[in-house]
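Read the numbers this way: they start at 1 and go in the same order the structure lists the ligands and their atoms.
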Amino acid sequence: MSLQGKHIVLGISGSIAAYKSASLARLLIKKGAEVKIVITPAGKQFITPITMSALTGNPVESDFFSSNDGSWHSHVDMGMWADLMVVAPATASTIGKMAHGIADNLLVTTYLSMKSPVFLAPSMDLDMFKHPSTQRNLDILKKDGVHIIDATSGELASHLEGKGRMEEPENIVKKLEEYFQISFSLNTKKILITAGPTYERIDPVRFIGNFSSGKMGFALAEECASRGAEVILVCGPTPLSISNKLIRRIDVESAQQMYEVCLKVFPEVDAAILSAAVADYRPEHTYGQKMKRSDHENLTITLTPNPDIAAALGKIKKPNQLLVGFALETNDEDKNALSKMEKKNFDFIILNSLNEEGAGFGLDTNKITIFSRNGNKKSFELKLKKELAKDILNHVFG
Ligand code: PMT
């Protein structure tokens with residue numbers, strides 16, 4: 001998928017590299033994109049709105065209100081219009097304001113209203129770039145899901161040599177094209193995702209559960225949807241919420257309920273990714289009333305096996321369907337993961353180990369290894385679950 005027909009908001013802040021924004025806008029338009037500019041007051045010192053509006057054929061937005069008639073320039077409308085926002089050049093000041101939500105200019109308010117992915121290309125002097133404060137702000141933005149187009153090294157406006165130059169417009173355009181290529185590769189796909197824990201009731205107030213938060217599965221669901229897939233997200237109890245309209249969420253409580261929904265939905269999907277931590281057992285008997293301590297000297301709860309959702313889907317999987325499982329292990333990690341892939345007829349299994357710091361339940365990060373049926377094994381460094389969701393989809397569908 002090219003940039004043809006894409007709506008792109010180009011944010012320009014006050015750096016000498018602003019002269020390159022003119023080429024960037026031109027290149028984007030040549031590729032078929034429509035470009036709207038939002039520029040900071042400092043940005044206007046470096047390149048004029050007249051130049052940018054002549055190049056893009058659209059008025060350039062900079063002030064909150066028109067000085068002619070007081071009408072409001074809506075950053076909200078721009079957020080809804082855009083398929084993507086790229087801030088190039090992004091100065092240390094703009095990066096800091098974006099990271100901390102300091103909405104004192106139209107560029108930052110537009111960023112805060114943006115519903116689409118945001119890219120930024122830093123541009124500044126080398127010492128400013130490597131300053132812990134700038135790096136901290138870039139890390140915050142990365143965690144917020146902003147794509148950073150790394151600065152390059154070379155001669156800077158100060159005539160010093162070092163890292164801080166804005167990436168060349170041609171390379172920025174390439175990165176945006178790549179993004180749309182990957183992004184939309186799931187356009188016609190329907191994907192089932194399981195997420196979160198299951199709760200197995202003992203009585204009306206107690207259950208057997210586990211520490212899964214649903215974060216891994218929700219990150220996968222959001223990433224699939226942002227690539228255009230229709231997602232059915234079957235999740236156990238979790239306070240997480242979803243934002244993409246392409247995701248149909250079905251809440252369940254127990255493994256049995258998750259099993260029933262998954263079995264019904266699976267025949268209509270192209271792929272299923274099973275990240276839920278499903279309880280393998282449930283109490284044989286669920287008490288109708290709250291159990292009293294005084295009624296039991298010692299208490300034994302007999303457990304009975306739950307259905308294995310993954311194995312059941314593995315049995316009915318058609319050749320054109322993909323089945324991807326997870327394995328959460330504490331020992332003999334590779335061996336156990338490979339044996340689960342075999343038993344449950346997965347095409348891929350994603351191993352995460354509780355022995356790895358920062359991996360597994362509850363956290364925003366995870367560390368995974370993906371095994372495929374054809375014998376491939378690929379490990380990924382410790383990353384945000386949101387980032388790993390991208391790696392997983394690139395690997396499985398790429
Ligand atoms: O939710 P988070 O806090 O973000 O944590 C993410 C996670 C650690 C829960 C996730 O990354 C993960 O590892 N999920 C699978 C956990 C697990 O139950 O693994 P397992 O090895 O017991 O199960 C193997 C596979 O079979 C899994 O795909 C599981 O969803 C599936 N299964 C298991 C039992 C069962 N009765 N039915 C199943 O479908």
Side-chain angles (χ1 to χ4, degrees), residues 191-200 208-223 233-242 251-263 265-266 271-282 303-317 322-371 380 382-389 391-392 396:
I191 300 175
L192 163 67
I193 293 176
T194 66
T198 62
Y199 286 0
E200 311 300 325
I208 296 173
N210 59 64
F211 297 113
S212 171
S213 61
K215 284 179 184 171
M216 192 67 246
F218 274 58
L220 281 161
E222 292 284 359
E223 188 57 32
L233 173 64
V234 185
C235 54
T238 164
L240 298 179
S241 56
I242 44 161
D251 287 285
V252 296
E253 184 179 280
S254 65
Q256 180 64 35
Q257 290 167 355
M258 190 175 271
Y259 171 81
E260 281 163 22
V261 176
C262 287
L263 244 75
V265 161
F266 188 62
I273 309 179
L274 309 177
S275 71
V278 185
D280 281 316
Y281 296 90
R282 65 175 183 276
L303 300 178
T304 187
N306 268 326
D308 186 329
I309 303 166
L313 300 186
K315 276 203 188 107
I316 57 168
K317 186 179 73 166
L322 268 183
L323 188 59
V324 183
F326 272 76
L328 179 64
E329 302 297 338
T330 55
N331 59 291
D332 293 331
E333 284 94 339
D334 288 22
K335 193 169 143 239
N336 288 337
L338 288 168
S339 130
K340 276 178 192 168
M341 176 154 67
E342 196 59 39
K343 269 194 210 143
K344 303 190 188 217
N345 196 16
F346 289 145
D347 299 288
F348 296 89
I349 191 154
I350 300 157
L351 165 69
N352 38 192
S353 167
L354 285 184
N355 292 326
E356 302 273 9
E357 203 173 321
F361 287 131
L363 304 159
D364 289 333
T365 54
N366 205 357
K367 189 165 186 315
I368 60 162
T369 299
I370 307 182
F371 296 90
F380 295 82
L382 181 75
K383 282 187 197 180
L384 288 173
K385 286 178 177 167
K386 280 182 189 165
E387 292 302 316
L388 282 172
D391 292 332
I392 292 170
V396 168

Atom NZ of Lys386 with >12 non-hydrogen neighbours under 6.0 angstrom: no
More than 12 heavy atoms of other groups within 6.0 Å of Tyr259 OH: no
Donor-acceptor contact below 3.5 Å, side chain Asn336 vs main chain Asn331: yes
Heavy-atom donor-acceptor pair, Asn366 side chain to Gly358 backbone, under 3.5 Å: no
Backbone N/O of Ser353 and side chain of Glu356: donor-acceptor pair under 3.5 Å: no
Main-chain N/O of Leu382 paired with Thr365 side-chain donor or acceptor, under 3.5 Å: no
Nearest-neighbour protein heavy atom for atom 30 (O) of ligand 1, which is reported as residue plus atom name and distance: Ala276 O, 2.7 Å
Ligand 1 N/O within reach of Ser212 N/O, cut-off under 3.5 Å: yes
Nearest-option assignment for atom 23 (O) of ligand 1, heavy atoms, candidates Phe326, Phe346, Phe211: Phe326
Identity and separation of the nearest protein heavy atom to atom 2 (P) of ligand 1: Ser213 OG, 3.3 Å
Short N-O contact, Asp347 and Lys317, less than 4.0 angstrom: yes
For Lys385, the ligand 1 atoms whose distance to one of its heavy atoms is below 4.0 Å: 2 (P), 3 (O), 4 (O), 5 (O)
Which residue and heavy atom of the protein sit nearest atom 19 (O) of ligand 1, plus the separation: Leu328 N, 3.5 Å
Atoms of ligand 1, numbered as shown, that sit under 4.0 Å from any heavy atom of Gly214: 1 (O), 2 (P), 3 (O)
Where ligand 1 meets Ala327 - atom numbers and elements under 4.0 angstrom, heavy-atom basis: 21 (O)
Gap separating the CD1 atom of Ile191 from the CG atom of Leu233, nearest 0.5 angstrom: 12.0 Å
Atom 18 (O) of ligand 1 - nearest protein heavy atom and its distance: Ala277 CA, 3.5 Å
Whether Ser275 lies under 4.0 Å from ligand 1, heavy atom: yes
Sub-4.0 Å atoms of ligand 1 with respect to non-hydrogen atoms of Leu274: 27 (C), 28 (O), 30 (O)
Close-contact set for ligand 1 against Gly362 heavy atoms, below 4.0 Å: 2 (P), 3 (O)
Check: Lys344 side chain, Gly325 main-chain N or O, donor-acceptor pair, under 3.5 Å: no
Subset of ligand 1 atoms that lie under 4.0 Å from at least one heavy atom of Asp280: 34 (C), 35 (C), 36 (N)
Whether Pro307 lies under 4.0 Å from ligand 1, heavy atom: yes
Heavy atom of the protein closest to atom 22 (O) of ligand 1 (residue, atom name, distance): Lys340 NZ, 4.1 Å
For Met216, the ligand 1 atoms whose distance to one of its heavy atoms is below 4.0 Å: 4 (O), 6 (C), 11 (O)
Any donor-acceptor N/O pair, Lys215 side chain to Gly362 backbone, under 3.5 Å: yes
Asn352 heavy atom under 4.0 Å from ligand 1: yes
Close side-chain approach of Leu351 to Glu329, heavy-atom, < 4.5 Å: yes
Identity and separation of the nearest protein heavy atom to atom 37 (N) of ligand 1: Ile309 N, 3.1 Å
Polar side-chain atom of Ser212 near backbone of Phe361 as donor-acceptor pair, under 3.5 Å: no
Any side-chain heavy-atom pair of Phe348 and Ile273 under 4.5 Å: no
Atom 26 (O) of ligand 1: nearest protein contact (heavy atom, Å): Lys344 NZ, 3.1 Å
Lys215: numbered ligand 1 atoms lying under 4.0 Å from its heavy atoms: 1 (O), 2 (P), 4 (O)
Identity and separation of the nearest protein heavy atom to atom 31 (C) of ligand 1: Ala310 CB, 3.8 Å
Heavy-atom gap Gly196 to ligand 1 smaller than 4.0 Å: no
